[in-house]
Colleague: 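Pasting a structure below so you can have a look.
In what follows, every chain begins at residue 1, and chains take the letters A, B, ... in the order their sequences are listed.
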There are 2 protein chains.
Amino acid sequence: MTTLKELSKLLNISVSTVSKALNDSHEISDTTKKRVNELAEKLNYKPNRIAQQLKTNKTRTIGVILPTVTNPFFAEVLHGIEMAATNNDYDIIVCLSNETLNKEKRSLELLSNGSVDGFIMAVAREGQVKQEINHIQTILDSKIPVLMFDRVVDEIKCDKVIVDDFQSVYEVTEHLIEKEGRKHILLVSNIEELSVGKLRIKGYTKALEKYNLKPNILKLDNALDVEKSIHTYLSKNSEIDAIISIDHITGIVAINMAKKLGREIPNNISIVGFGYEHTELLSSPKISIIHQKAYDIGEMSVKLLLERLNTENHKAQTVIVPSELKLSESSKNSL
Amino acid sequence: MTTLKELSKLLNISVSTVSKALNDSHEISDTTKKRVNELAEKLNYKPNRIAQQLKTNKTRTIGVILPTVTNPFFAEVLHGIEMAATNNDYDIIVCLSNETLNKEKRSLELLSNGSVDGFIMAVAREGQVKQEINHIQTILDSKIPVLMFDRVVDEIKCDKVIVDDFQSVYEVTEHLIEKEGRKHILLVSNIEELSVGKLRIKGYTKALEKYNLKPNILKLDNALDVEKSIHTYLSKNSEIDAIISIDHITGIVAINMAKKLGREIPNNISIVGFGYEHTELLSSPKISIIHQKAYDIGEMSVKLLLERLNTENHKAQTVIVPSELKLSESSKNSL
DNA sequence: TTGTAGGCGTTATCAA
DNA sequence: TTGATAACGCCTACAA
């Protein structure tokens with residue numbers, strides 16, 4: 001890589017003159033500027049990023065710590081983060097915790113040595129179950145901003161971007177009851193130990209309470225065979241006339257199983273799931289989804305974090321990104 | 001952040017002594033080592049990564065440039081890359097080209113200023129269509145190693161990790177003909193302009209040639225409604241007794257459409273797609289898939305790149321990661 | 001056993 | 001208008 005020093009030698013002028021010329025300083029004559037720029041161009045000079053970072057003590061890099069990236073929700077969030085970061089001339093260093101506390105800790109620790117200006121993260125399942133938060137608080141104490149999205153730790157004071165988990169499920173449940181006349185709504189869950197799962201279940205139960213209906217919850221967390229579990233439940237409980245899946249997979253499975261059992265969708269049973277970009281393509285009839293604006297969540301996370309990086313201690317804020325109910329053929333009153 | 005200088009001041013010893021003590025140099029007395037380490041511990045000292053990078057001219061960071069991360073194939077590759085990188089104490093900076101040439105160019109350019117030691121990339125769709133490769137060659141000319149995976153540019157000499165696209169489709173086609181007695185095999189494609197798409201199609205046509213069968217190819221590239229296109233084709237061509245989808249979505253759609261048309265799977269028609277981790281869950285009957293070892297591809301990519309970084313110019317090599325045919329209920333002779 | 005000095009590549013201050 | 005010098009934080013050859 002070409003350096004300032006090399007340029008300065010070749011041109012027989014000082015390093016500092018070269019530097020100023022390249023930065024178009026008014027102190028430098030047009031003729032030298034021209035000479036410098038031409039040679040720089042020719043040798044494809046680029047300022048060494050690492051040296052700049054050392055000098056300015058800013059990395060323009062965000063550490064992004066995700067539980068996984070094969071879950072389409074996190075993939076789409078990452079997409080949003082990457083785009084927003086790029087648009088603001090930031091890089092992202094991505095670490096995957098694989099839902100484990102250890103890897104999450106390690107990543108935070110390793111990157112908090114000056115590698116990044118701040119973090120965007122969703123906590124690992126294990127950490128959320130065990131309620132461990134010290135490693136995150138440590139980072140904050142060392143004055144590195146952390147933004148948490150989706151899965152969030154209430155006890156930690158920092159910027160947060162969350163989804164309207166409670167509200168969206170509450171509303172869809174209410175919709176199923178009021179608009180579609182459903183009375184036996186099953187909730188299928190494989191994430192009930194996550195903060196988001198708890199909120200979604202709460203939205204469901206609260207709505208049922210309002211109408212004096214009784215909850216039916218099928219927890220699949222350790223189920224080896226999701227298809228079979230759902231199939232069995234449905235065949236044994238023929239009164240079920242609606243299913244809400246609170247993740248992005250089991251809703252599709254529910255559609256397939258309902259069809260297999262000869263249930264007519266949506267006449268006989270309505271099915272709603274959580275979904276993202278291409279979820280709808282994957283079932284026939286198309287599944288109704290609570291569409292989480294994952295991309296927006298990513299964008300918003302970057303926005304908030306950069307605000308914090310560029311402003312002196314304003315108060316921590318929490319932004320809720322509303323999701324959108326997309327009713328489809330698998331819902332009775334399809335739009 | 002605590003620095004060596006701060007420690008040295010507090011302990012009234014020189015910076016270099018502190019540095020040596022922390023690096024457990026034999027030059028330093030045990031008593032000083034102890035003093036230094038205790039204070040370092042107490043103040044949570046961590047060597048500044050940026051300074052180390054500047055000093056050693058090594059970043060221990062890999063630039064990863066992906067077309068997208070919402071495609072589960074690339075998500076899984078990223079997973080493999082991240083894990084392998086972490087295991088070797090490397091970070092990854094992730095950029096998404098969004099399948100555009102511009103973003104890909106920009107990312108390569110921005111990171112080639114000393115930010116990374118090397119690149120792992122799959123080229124954007126646009127670049128592959130337009131056959132533009134100069135930006136990649138430029139990076140290689142500047143002595144930064146590039147490893148290409150999956151979508152690959154033949155004209156560029158560099159390490160490559162690819163899938164056995166031709167072979168796997170050839171074999172599955174042969175299997176459908178020989179073992180399942182299929183004669184009217186439809187290939188559904190939405191990636192025929194990619195290097196991998198071309199190879200898969202070639203595998204299909206070559207196999208058909210061998211048996212003197214005629215190819216049926218349904219190109220969906222610009223199809224607004226994939227479901228409808230497949231539905232229409234199937235209803236007009238009732239002789240079709242097998243479908244091979246060369247991507248990870250349209251196979252699922254094909255299953256749903258075949259069912260809708262009353263076709264019996266697998267008695268009446270066999271359906272095979274490309275897939276990854278959870279693809280099988282999404283259809284009933286479970287789709288047969290050519291399972292690409294995306295995670296392995298990521299791991300292998302890191303392995304090869306690190307080999308190149310740590311060894312003097314050995315020759316460029318290409319590794320083929322074989323995929324695995326997983327026959328399922330949607331195939332006649334299910335295992 | 002400890003300390004001094006120089007340098008990685010850049011930028012900023014001050015002097016010429 | 002240009003150049004010398006110092007500094008960011010770390011490491012290391014060499015001197016003490």
Colleague: Check the distance between dT1(C)'s P and L11(B)'s CG and give it to me in whole angstrom.
Modeller: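 Those two atoms, CG and P, are 18 Å apart.
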
Colleague: Hey, can you pull the donor-acceptor pairs under 3.5 Å for the side chains in residues 10-18 of chain B, sequence neighbours left out?
Modeller:
{"from": "S14(B)", "atom 1": "OG", "to": "S16(B)", "atom 2": "OG", "distance (Å)": "3.2"}
{"from": "S14(B)", "atom 1": "OG", "to": "T17(B)", "atom 2": "N", "distance (Å)": "3.2"}
{"from": "S14(B)", "atom 1": "OG", "to": "T17(B)", "atom 2": "OG1", "distance (Å)": "2.8"}

Colleague: How many Å lie between NZ on K58(B) and C1' on dC11(D), as a whole number?
Modeller: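 These atoms are roughly 14 Å apart.
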
Colleague: Using OP1 and OP2 only, check whether a side-chain N or O of N48(B) sits under 4.0 Å from dC8(D).
Modeller: no

Colleague: Under 4.0 Å: is that the gap between some side-chain N or O of S19(A) and OP1 or OP2 of dT10(C)?
Modeller: no

Colleague: Do any side-chain nitrogens or oxygens of T17(B) fall under 4.0 Å of OP1 or OP2 in dT2(C)?
Modeller: no

Colleague: Going by the side chain to side chain donor-acceptor pair (under 3.5 Å) test, name the single residue among K315(B), R308(B), Q317(B) that passes it with D159(B).
Modeller: R308(B)

Colleague: Under 4.0 angstrom, heavy atoms only, what part of the nucleic acid is T32(A) near: base, sugar-phosphate, or nothing?
Modeller: sugar-phosphate

Colleague: Kindly say whether, by distance alone, the side chain of S16(A) makes a donor-acceptor pair under 3.5 Å with the base of dG3(D)?
Modeller: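 Answer yes: a donor N or O sits under 3.5 Å from an acceptor.
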
Colleague: Whole angstrom is fine here: how far is it from CD1 in I28(B) over to C1' in dT12(D)?
Modeller: 12 Å

Colleague: Assess, by modelled atom type and distance only, whether the side chains of H135(A) and E104(A) contain a donor and an acceptor separated by less than 3.5 Å.
Modeller: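 A donor-acceptor contact under 3.5 Å links the two side chains.
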
Colleague: Among the nucleotides dG9(C), dG6(C), dT2(D), which one has an atom lying closest to any side-chain atom of K55(B)?
Modeller: dG6(C)

Colleague: S29(B) side chain N/O closer than 4.0 Å to the phosphate oxygens (OP1, OP2) of dT2(C)?
Modeller: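 Yes, such a contact exists.
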
Colleague: Examine dC8(C): is either OP1 or OP2 under 4.0 Å from a nitrogen or oxygen in the side chain of K5(A)? Give yes or no.
Modeller: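 Yes, within the criterion.
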
Colleague: I13(B) near the nucleic acid: base, sugar-phosphate alone, or nothing, with a heavy-atom cut-off under 4.0 Å?
Modeller: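 Sugar-phosphate, backbone atoms only, no base.
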
Colleague: Taking OP1 and OP2 of dG9(D), is either one under 4.0 Å from a side-chain nitrogen or oxygen of Y45(B)?
Modeller: no

Colleague: Specify the separation, in whole Å, of atom CD of Q52(A) and atom C1' of dC8(D).
Modeller: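 About 13 Å, once rounded to whole Å.
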
Colleague: Please state whether the rings of F149(A) and F73(A) are parallel, tilted or perpendicular, taking 30° and 60° as the class boundaries.
Modeller: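 Plane angle between 30° and 60°, so tilted.
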
Colleague: Name the residue closer to the 5' end of DNA chain C, choosing between T3(A) and D30(B) according to the nucleotide with the nearest heavy atom.
Modeller: D30(B)

Colleague: Quick one: which of dG9(C), dC11(D), dA13(D) gets closest to the side chain of K20(B)?
Modeller: dA13(D)

Colleague: Could you tell me whether R125(A) and D150(A) have a side-chain N and a carboxylate O separated by less than 4.0 Å?
Modeller: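 Result for this pair is no, no salt bridge flagged.
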
